[in-house]
Amino acid sequence: MTKSPIGGNRTGRKLGQKVKKGKLKASSRRWLERHINDPYVQRAQLEGYRARAAFKLLEIDEKHKILSGARRIIDLGAAPGSWSQIAAKVTKSTDADPRVAAIDFLEMDPIPGVNFLQLDFLDPEAPERLKEGIGGEPDLVLSDMAAPTTGHRQTDHLRTMHLCEVAAYFAVDVLAEGGHFLAKTFQGGTERDLLNMLKQNFRQVVHVKPASSRAESVEMFLLAKGFKGRRAVEGEEAAEDAATE
Ligand SMILES: C[S@@+](CC[C@H](N)C(=O)[O-])C[C@H]1O[C@@H](n2cnc3c(N)ncnc32)[C@H](O)[C@@H]1O
């Protein structure tokens, strides 16, 4: 079970620490204070995860059971690597038999069993190279991709939504039947066409906001469970076409 770190601090570091006023800008000081006082950051350090984001995936899994039984996983927007660490563990991936493929345009320190590709996911070569990276259909496609911020909120929002949409079409293209897709999105941001496409291809589509996703953040996750399989959906579409002709 994922224990909530709130109220408990097992790293030995005190919460509620202040950063001295000095050379830092007020906004940077606020960020640093929030970071060092964040119980999820402290717990990530304690448990050997590279990022507090690990707990978002673990909390979602606790409720929706997407990790158990996954044999191959693709991780989009993987750096610094906490989701890939979890993916490698659940798939028992090794360098000799890699079952996790991950991509980010930033560098990522190697993780045993993770085939990492440093490339923009929007590069036309990315889908094929990711597929090659695990030698079989994945049961789970994860995307924690967030577009680099420009300072213009609407632009940032649209760019991340675009990444979510491209990731969703990629998932439908590669997933094994029964597989799941989890992607970062924004509150109120998922386009109706994208939701319809996912509902057509998956048995269940829900939005989730894990406790470790900061309350003040508009971040949400879109979870599509139980991929119906490419042939099943093609069959449904053909039947619909025949009915309307
Ligand atoms: C929130 S971080 C991911 C954290 C990660 N899930 C973890 O557990 O460590 C989002 C990542 O998405 C990556 N990203 C954003 N756009 C991308 C793109 N077009 N292609 C590849 N990676 C991208 C960023 O570089 C960033 O490292």
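Atoms considered below: every heavy atom in the structure, side chains included; atoms not considered: hydrogens, waters and symmetry mates. Atoms within a ligand are numbered from 1 in the order they appear, just like the ligands themselves.
When heavy-atom distances to ligand 1 are checked against a 4.0 Å cut-off, Ser84 has no atom that comes that close, whether in backbone or side chain. In Pro80, the parts holding a heavy atom less than 4.0 Å from any atom of ligand 1 are both the side chain and the backbone. With a heavy-atom cut-off of 4.0 Å, Leu76 does not touch ligand 1 at all.
Counting only distance, with no hydrogens or angles, the side chain of Lys65 and the backbone of Glu62 share a donor-acceptor pair below 3.5 Å. Between the side chain of Arg230 and the backbone N or O of Val172 there is at least one donor-acceptor pair closer than 3.5 Å. Lys225 places a side-chain N or O within donor-acceptor distance of the main-chain N or O of His64, the cut-off being under 3.5 Å. Remark: side-chain polar atoms of Glu59 are not paired, donor with acceptor, to backbone N or O of Ser213 under 3.5 angstrom. Side-chain N or O atoms of Thr160 include one that pairs as donor or acceptor with a backbone N or O of Ala147 at under 3.5 Å. Asn201 places a side-chain N or O within 3.5 Å of a backbone atom of Met197 that can act as its donor or acceptor partner. Distance alone, capped at 3.5 Å, is enough to place a donor-acceptor pair between the His180 side chain and the Gly226 backbone.
Between Arg72 and Glu137, no side-chain nitrogen of the basic residue sits less than 4.0 Å from a carboxylate oxygen of the acidic one, so the salt-bridge criterion is not met. For Lys131 and Glu128, the salt-bridge test passes: some basic side-chain N is under 4.0 Å from an acidic carboxylate O.
Distances below 4.0 Å separate heavy atoms of Leu163 from the following atoms of ligand 1: 16 (N), 19 (N). Ligand-side atoms of ligand 1 in range of Ala53: 8 (O), range being under 4.0 angstrom from any heavy atom. Atom numbering of ligand 1 starts at 1 in the shown order; those under 4.0 Å from a heavy atom of Asp120 are 18 (C), 19 (N), 20 (N). Numbered from 1 in the order shown, with element, the atoms of ligand 1 that lie under 4.0 Å from a heavy atom of Gly81 read 7 (C), 9 (O). Interface of Ser82 with ligand 1, defined as ligand atoms under 4.0 Å from a residue heavy atom, comprises 7 (C), 8 (O), 9 (O). Close approach of ligand 1 to Leu106 (heavy-atom distance below 4.0 Å) involves ligand atoms 25 (O), 27 (O). For ligand 1, the atoms lying closer than 4.0 Å to a non-hydrogen atom of Phe121 are 18 (C), 19 (N), 20 (N), 21 (C).
Regarding atom 6 (N) of ligand 1, its nearest protein heavy-atom neighbour is Asp144 OD2, 2.8 Å. For atom 5 (C) of ligand 1, the closest non-hydrogen atom on the protein side is Ala78 O, 3.5 Å. Annotation: atom 23 (C) of ligand 1 to nearest protein heavy atom, Phe105 CE2, 3.8 Å.
The one candidate from Asp75, Leu130, Val174, Ile73 that meets the side-chain contact (heavy atoms from CB on, under 4.5 Å) condition with Pro138 is Val174.
If you check each of Ala126, Gly77, Ala146, Ser143 against atom 15 (C) of ligand 1, the one with the closest non-hydrogen atom is Ala146.
Inter-residue side-chain proximity for Gln45 and Val41 is flagged as met; some heavy-atom pair is nearer than 4.5 Å.
Residue Asp104 places at least one N or O, backbone or side chain, under 3.5 Å from an N or O of ligand 1. Checking only distances, Asp75 never comes within under 3.5 Å of ligand 1, N or O to N or O. Here's the thing with Ala79: one of its N/O atoms is less than 3.5 angstrom from an N/O atom of ligand 1.
For Met145, the heavy-atom gap to ligand 1 drops under 4.0 angstrom.
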